[in-house]
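Report on the structure given below.
To find a chain, count down the sequence lines: A is the first, B the second, and so on, and within it residues start at 1. These values consider heavy atoms only, across backbone and side chains, with no hydrogens, waters or symmetry-generated copies. Note that the coordinates shown come from a computational prediction; the quantities given were computed from them, not determined experimentally.
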Number of protein chains: 2
Amino acid sequence: MGESRYSKQRELIYDALASTKEHPSAEMIYKELKPSYPSLSLGTVYRNLNFLVEEGRAISIPSTVNRYDATTQDHPHFFCTCCGNLYDLDISMDQTLDEPVESLGYEVHRRDLIFNGLCPHCLKKGNFGTED
Amino acid sequence: MGESRYSKQRELIYDALASTKEHPSAEMIYKELKPSYPSLSLGTVYRNLNFLVEEGRAISIPSTVNRYDATTQDHPHFFCTCCGNLYDLDISMDQTLDEPVESLGYEVHRRDLIFNGLCPHCLKKGNFGTED
DNA sequence: TTCGGTGCAAAGCCTTTGCATGTCT
DNA sequence: AGACATGCAAAGGCTTTGCACCGAA
């Protein structure tokens, strides 16, 4: 059963992540650490970021394959982590979501609200893990 | 100046997109249309989807390079389309967002709320387009 | 005729993975 | 010693792009 072991690289990567507000990508972390740790490899950065996410010590702001929608007005989506389906949610995207953001000085053009979890269908089937 | 011209492929691709609730990926559309239009190429599907998005006739549910964050609690983000920065928004992610979703039978594990637009910095500089 | 669109294939990113080597415990 | 982590490089996806041909206007 998987024990997790100390490594200098992992520590550096976590520290780099925890000490910035930039939401760095793997590449950004790599570029930051490489000068002071020349033997570091990009693969290690990827592996460790994924590891940290699994451990719950980091989140990833997700990238999926691009999906498209001909309904151009904003509406939230639900991504089922079990079956991979992406559902429309017929819920009004409360425009008041923008207010606090705009009061901070941002100009909002669009909102993407994506829920993650299990859809009713997968809940019914009792599929709680990822299907393959 | 760019005129846009009719093509059967573009029509088919738009129709396919408009007639489904599946939020298809480029690949999904390609697979759907290919049998009845064997000369169709995947590159054309990508080009047309991007075109439709630019025209405002479709939206893309975005994919960016994975970004990471060591703050593991949910909080919304703001992506500036001008400078490419991803900002934390120090706004409480109202848990009541989940209620209407859960009442539809979904089990919510996480929400990703990403605003798009211009950040205060770019607004100040008057940079309203994409910087290169 | 003109210039945008297409098909095809190659190239480009980002990310993952296989393998031999290194290193915590 | 044993198992996990690393570095390196190759392989894998998804997407874009260059080029020659096709076709709408």
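Between A/Ser39 and D/dG7 there is a side-chain polar atom (N or O) within less than 4.0 angstrom of OP1 or OP2. Contact between the side-chain N/O atoms of A/Tyr46 and the OP1/OP2 oxygens of C/dT16 is not found at any separation under 4.0 Å. For the pair B/Gln9 and C/dG7, the criterion of a side-chain N or O lying under 4.0 Å from OP1 or OP2 is met. Between C/dT16 and A/Asn50, a contact under 4.0 Å exists linking OP1 or OP2 to a side-chain N or O.
Inter-residue side-chain proximity for B/Ser4 and B/Arg10 is flagged as met; some heavy-atom pair is nearer than 4.5 Å. With contacts defined as side-chain heavy-atom distances shorter than 4.5 Å, the pair B/Asp98/B/Tyr106 does not qualify. Looking at heavy atoms from C-beta onward, A/Lys31 lies out of side-chain contact with A/Met28 at the 4.5 angstrom threshold. In this structure, B/Glu107 and A/Pro120 have side chains that are not in contact, with every pair of non-hydrogen atoms separated by 4.5 Å or more. Residues B/Leu49 and B/Val45 meet the side-chain proximity criterion, which asks for heavy atoms closer than 4.5 Å.
In the set C/dT25, D/dA24, C/dT6, the nucleotide with an atom closest to the side chain of A/Arg5 is C/dT25. Checked against D/dT15, D/dA24, C/dG7, the side chain of B/Tyr37 finds its nearest nucleotide in C/dG7.
Across the protein-nucleic acid pair, A/Ile29 atom CD1 and C/dC14 atom C1' stand 15 Å apart, rounded to whole Å. Atom pair A/Leu49:CG and C/dT16:P shows a separation of 10 Å (rounding to whole Å applied). What separates OH of A/Tyr30 from C1' of C/dC14 is a distance of 14 Å, to the nearest Å. Taking atom CG on A/Leu40 and atom C1' on D/dA5, their separation rounds to 12 Å, with Å as the unit. One atom, CG of A/Leu12, and another, P of D/dG7, lie 10 Å apart when rounded to the nearest Å. Look at CG on B/Leu52: it is 11 Å from P on C/dG5, rounded to the nearest Å. A/Lys31 has its NZ atom 12 Å from the C1' atom of C/dC13, to the nearest Å. Residue A/Asn48 contributes atom CG, which lies 12 Å from atom P of C/dT16 at whole-angstrom precision.
Residue-to-nucleotide proximity on DNA chain C shows that, of B/Phe51 and A/Glu27, the 5′-proximal contact is made by B/Phe51. Looking at which nucleotide of DNA chain D each of B/Ser7 and B/Thr44 is closest to, the 5′-most match is held by B/Thr44. Both B/Arg10 and B/Pro38 sit near DNA chain C, but only B/Arg10 has its closest nucleotide nearer the 5' end.
Base pairing in DNA chain C gives the following stems of 3 or more Watson-Crick or G-U pairs, range against range and under 3.5 Å: C:1-25 with D:1-25.
Across B/Leu12, B/Ile29, B/Leu33, a single residue satisfies side-chain contact (heavy atoms from CB on, under 4.5 Å) together with B/Leu40, and that is B/Leu33.
Contact annotation: side chain of A/Arg47 to base of D/dA5, donor-acceptor pair absent below 3.5 Å.
Within the model, atoms CD of B/Glu32 and OH of B/Tyr37 stand 15.0 Å from one another, a figure rounded to the nearest 0.5 Å.
The neighbour count for A/Lys34 NZ, taken as heavy atoms of other residues, nucleotides or ligands under 6.0 Å away, is above 12.
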